[in-house]
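To start, the structure under review is shown below, and the notes come after it.
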Amino acid sequence: MEYSHRYHAYPTQEVAERLEHHLDVHRQLYNHVRWDYENSPEDDRPSEYDQNNKLPEWKQRWPVFGELHSKAAQATVARFHHNLTVLSELKEKGYSVGRLKRQAPAEYRSVTYNQSGFDLDEKRGHDKYAYVRFSKIGWVKIRYSRSIPDHATIKEVTFKKETTGEWFVSFGLETEDADLPEKPDVDSLDASNSVGIDLGILNYIHTSDGKTVDWLDLEDDYECLRREQRKLSRKDHGSRNYEKQRQKVAKVKYRIRRKVLDYQHKLTTWLVNEYDAVFVEDLDVKRMLQGDGNARNKQDAAWRQFIQILEYKANLYGTHVVQVETKGTTKECARCDVATLKPIWVREHSCPSCGFETDRDANAAMNILQRGFAELGLGWPEDTPVETVTATDTTQFEFVSARHVIETGSLPS
Ligand SMILES: [Zn+2]
């Protein structure tokens, strides 16, 4: 199992300058790797292995490359080839992709040390701090907000300069699968320990056991972003003030990204602690490619990231996560399966066939739960929430605020 820990870093002025310098040389190396690749005959493109073998020769021709740690240089070659793979996968999925571009200084922000060339000193920092050393660069102080588990192996360490000018260090970790909790036996799953979740049209998450979790309210942050972007548009491009304002915009964007990520970490931690199985909507790529509006795309991207984090946590905590086909989950009745056409403004589900009544999104979430059970090869769950809901005649959701979820699920994220 692979995962990572990320820490805020506080290099001294002197070390920061060396970090910057290495970033730039790695960027030049990346661009050279790209140039070498692009200028090879189409039927004889160099592999990662081939290009690693060229490194000593390049170092002789351009001594600046000799300043880099050799494993870090190889990681930069690996990054180019990884990007190539990602590009061809996107192409296969139907995206229109071009070729990999040269990296400008503003775009190239991180360097990875793979396997060696780094040390971690947990004792050197006071309180919540520690130090990490990058070979050929020096020691960097980090805010060591959570320790790396004893049973984890550090596979690689990356330093990164964010667009805000702040530095971060992240550790790529690996643990033996034996150290992870096992996922519960599929046969032990039932409606009391499993949940189906539906993303409501108003950016709410609905659960099949009748909970509503409100989405993060970012209106103020987006308003702030629009304000700073308007200011930026009035500055002279390339001037000092423009650069200052550009950094302000980057800071707000970064704050929004971190807030979303933090919220998703807390929400997923809550879900994997609360349930043995979580069933979610499967978003198909086609919908995203249709590009029906920027907001829709943004929401899809956020949902995709949410599922990724959920799956990662599920492995860590021993929880099943299953993506299910959601076509028709809103129309179908969760109790009798009869489909009824339902315009988007109709908020209730009221089945003309069996009389089952509940909230539109509760019905969808219950369908997702049942499809999840079918996907795992299990029968209709005993004691389904459908029965619970009809028995108590609950047509309203219990409302769970994000803060509540965050507090109850606040394990280290
Ligand atoms: Zn029905």
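First listed ligand is number 1; within each ligand, the first listed atom is number 1.
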Mutual orientation of the aromatic rings belonging to Tyr275 and Trp270 [parallel < 30°, tilted 30-60°, perpendicular > 60°]
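Rings of Tyr275 and Trp270: perpendicular, as their planes differ by over 60°.
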Will you find, in the side chains of Asp276 and Tyr317, an N or O donor that is under 3.5 Å from an N or O acceptor?
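No.
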Whether the His81 and Gln51 side chains hold a donor-acceptor pair (N or O, under 3.5 Å, no angle test) is what I'd like checked.
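There is such a pair between these side chains.
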Does NZ or CZ of Arg34 lie under 6.0 Å from the centre of the six-membered ring of Phe80, at an angle within 45° of the ring axis?
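The answer is no; the distance or angle limit is not met.
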Is the cationic atom of Lys235 (NZ for Lys, CZ for Arg) positioned less than 6.0 Å from the six-membered ring centroid of Tyr242 and within 45 degrees of its normal?
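Pair Lys235/Tyr242 does not count as cation-pi.
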Show all protein N/O/S atoms under 2.8 Å from the Zn ion (ligand 1), or state that there are none.
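Those protein N, O or S atoms (cut-off: under 2.8 Å from the Zn ion (ligand 1)) are Cys333 SG, Cys336 SG, Cys351 SG, Cys354 SG.
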Considering residues at least two apart in sequence or located in another chain, which fulfil the salt bridge (Lys or Arg N to Asp or Glu O under 4.0 Å) criterion with Lys54?
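Once residues adjacent in sequence are excluded, the partners of Lys54 under the salt bridge (Lys or Arg N to Asp or Glu O under 4.0 Å) criterion are Asp36.
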